[in-house]
Amino acid sequence: MSIGLEHYLVLSTALFSIGLYGALAKKNAVVILMSIELMLNAVNIAMAAFSNYIVPVLLTGQVFVIFIIVVAAAEAAIALAIIMNIYRNRETTEADKFDLMKW
Amino acid sequence: MNLQSFMPEIVLGATAIAIILLDLIVKRKGILAGVGVAGLLISGIFTVAMWGALQPGEASLIFNNMLAVDSFALFFKLLFAGIAILVILASVDYAGKMLPNSQGEYYALVLLSALGMMLMASTTELISIYVSLELASLSLCALVCFLKNPKSSEAALKYILLSGVVSAVMLFGMALVFGVTGKTQLGEIAGVIRSMSLSTPVASPALAVGMVLLIAGFGFKIAAVPFHMWVPDVYEGAPTPVTAFLSVASKAAGFAVILRVFSSIFGVELLSSSWGMVFAVLAALSMTLGNVIALPQTNIKRMLGYSSIAQAGYLMVGLAAIGISPAAGGSGQAGILFFLASYAVANLAAFTAIIAITNKTGSDDIIDFAGMFKRAPALSLALTFSLISLIGMPPAAGFIAKFYVFSAGVRAGLLWLVVIAVLNSVISAYYYLRVVKVMWFAEPASEERVPSSIALRFGLLIASIGVLALGIAPGVILKVTEAATSILAFLP
């Protein structure tokens, strides 16, 4: 059996769905952040696969992947700084404890 | 390579770096705000000069077709520069009192976020849309967290986690669009989609799913229901000047991207009528939900958060009109730009007055605005006038803005949507006027005057004049917005 574009896309969609589930269902802020990284990496797989199978001579998709990785690193840095900050304030990283503001 | 067409952004980036460096040297931090305003003014002057040199309908692409230099981008650059100037003027008091040790980073981040938004308005390429969008929103995340108290950091955490999820969703949409077309440049994508000659909107399911995911991603930026969950919490928790910036600039940047992306790559009649309908439904939901939940709010920042969701709904009436009837679209696009400008001045005037008042009272609750007319007549008058503009009553700017957007909706045959919008405007009058009533007729808690700095008063004056000028003499700005949107005309 040869590996084709479909296989990569199925993998990517499955990873994306797992990440989305984690981001919506998990309680710990750090785990939510990890789930977001999973979603971004699912996108990276899709981008690289599309790039390889649809426009094999160009590197557009791969370049996009590099940009996503860089921006995701910046985002993780800021998010972790914010989580540190909120841990100092509240002594917890459980997302459902952050309920100072609702309605 | 022509760097001249990139000067507004270069100046802004350099000013941000200069502020961080100056912060290490200068003792009087007020200078930093002055440097920021100066940088924004120079950037604005470059933008105006570029507008003057532009032929009507001319659009040149720079950086390997990644950025457009056209009237549409220049209009938004000018708008963001203006918004950032007013926000910095309003921040001077607040930053001095609440964040005395981190003013350099604060002003630099405001400028960087404005830079990201300027780039958002001019990008014509999926990669640069993503990068500029993240530059704008990551800077905002850091700004939201600036107070470091429990509420502020909670707001920042909610904002960054939700915006992370949403940008992943949007990226998945971009990946699908890229996968179907093999291009990332908007014009090239549009060419490929036109040559596909689809028979139904779902003839290419991947493209349809990609379009929906992009709507979700951009809907988050403009605070449309059902992607609005972050808005009230972030507005309440963030430092008030940041809330002001977030409410007007982030929304304007989102609409700039939506207008450019949807009228180019999804501009095919078949697709545009379906996204037009999606925006019509989102508009009805946003207006109704925003206005109804704003009614019982007791915190003024939270109330303005729900009001901003409702305003996004009014703006989306224009988007729906563009999508459903390209013929009526021209006036819809100009209407959206005018609405964004008038919303920007009105909301900034309101927030500037609120910053001055809450700086004195230390409370965001509407009840603590009691009798403010006796303690701060000028501030109360400006706040009243901007709230009248937000309701959409003449002679303020909001009336003309709503008139233009709604009439585009009627012309596109969306009468039901416009009826809902007008009913919603009536509902909204209740909660806006409640603030006015408390300010003018309730008994003040004390007789103490409310102090405000010259910078803040000057910013408030400019914003209030803007509200009045756009309301009384809208012709000039309408001509400008029509010129700005002429390049977005639908391709055959």
Side-chain angles (χ1 to χ4, degrees), chain A residues 5 9 12-13 16 19-20 23-24 29 32-33 35-51 53-55 58 60-61 63-68 70-72 74-90 93 95 97-103, chain B residues 125-128 130-131 133-135 137-139 141-142 144-185 206 232-237 293 296-297 299 301-302 305:
Chain A
L5 178 58
L9 291 184
S12 155
T13 315
F16 190 83
L20 190 58
L24 297 178
I32 297 176
L33 194 61
S35 307
I36 294 173
E37 296 294 318
L38 203 56
M39 290 167 81
L40 289 173
N41 282 322
V43 174
N44 287 346
I45 292 173
M47 283 282 185
F50 276 135
S51 181
Y53 284 93
I54 308 274
V55 279
L58 299 170
T60 337
V63 172
F64 209 143
V65 169
I66 290 175
F67 274 98
I68 296 175
V70 173
V71 174
E75 187 171 341
I78 295 183
L80 284 174
I82 292 173
I83 292 173
M84 289 280 287
N85 192 13
I86 202 165
Y87 185 77
R88 280 194 199 126
N89 277 319
R90 311 285 291 276
T93 55
K97 298 268 168 57
F98 302 142
D99 54 359
L100 277 180
M101 297 175 286
K102 47 186 170 185
W103 285 100
Chain B
E125 215 264 345
L126 294 182
I127 300 177
S128 49
Y130 171 63
V131 174
L133 196 140
E134 290 293 316
L135 174 60
S137 63
L138 289 182
S139 319
C141 284
V144 170
C145 198
F146 243 74
L147 289 178
K148 297 195 180 161
N149 61 19
K151 260 192 178 181
S152 170
S153 45
E154 180 180 326
L157 186 72
K158 285 176 176 167
Y159 188 34
I160 195 159
L161 290 182
L162 288 176
S163 95
V165 172
V166 167
S167 56
V169 168
M170 182 191 71
L171 276 174
F172 205 78
M174 286 184 177
L176 290 174
V177 172
F178 170 66
V180 173
T181 58
K183 308 280 186 207
T184 54
Q185 212 272 339
D233 289 354
V234 173
Y235 279 36
E236 187 184 339
I293 304 186
Q297 296 304 324
N299 181 307
K301 280 160 81 180
R302 208 170 173 81

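Just so we're on the same page: letters track the sequence lines, and every chain starts at 1.
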Inset, instruction - Decide side chain to side chain contact (heavy atoms under 4.5 Å, CB included) for A:F64 and B:L171; before the verdict, give the C-alpha distance in whole Å, the side-chain angles of both, and the deciding distance to 0.1 Å. - result: CA-CA 10 Å; A:F64 209 143; B:L171 276 174; 3.7 Å; yes
Inset, instruction - Heavy-atom distances under 4.5 Å only: say whether B:L162 touches chain A with side chain, backbone, both or neither. - result: neither
Inset, instruction - Before giving the answer on side-chain hydrogen bond (donor to acceptor under 3.5 Å, both in side chains), spell out for B:S153 and A:N85 the whole-Å C-alpha distance, their side-chain angles and the decisive distance to 0.1 Å. - result: CA-CA 7 Å; B:S153 45; A:N85 192 13; 4.6 Å; no
Legend entry - Validation row: B:F178, A:S51 side chains within 4.5 angstrom (heavy atoms): yes
Inset, instruction - Return yes when atom CZ of A:F67 has more than 12 non-hydrogen atoms of other residues, nucleotides or ligands closer than 6.0 Å, and no otherwise. - result: no
Inset, instruction - Could you tell me which portion of B:K158 (side chain, backbone, both or neither) has an atom closer than 4.5 angstrom to a non-hydrogen atom of chain A? - result: side chain
Legend entry - Side-chain (B:E154) to main-chain (A:L100) donor-acceptor, under 3.5 angstrom: yes
Legend entry - Flag side-chain contact, heavy atom, 4.5 Å: A:M39 against B:F172: no
Legend entry - Proximity breakdown for A:A74 and chain B, heavy-atom pairs closer than 4.5 Å: both
Legend entry - Per-residue contact mode, A:F16 against chain B (heavy atom under 4.5 angstrom): side chain
Inset, instruction - Give, as side chain, backbone, both or neither, the part of A:D99 having an atom under 4.5 angstrom from any heavy atom of chain B. - result: backbone
Legend entry - Under 4.5 Å from any heavy atom of chain B - which part of A:A79: both
Inset, instruction - Please state whether the side chain, the backbone, both or neither of A:I68 comes within less than 4.5 Å of a heavy atom of chain B. - result: both
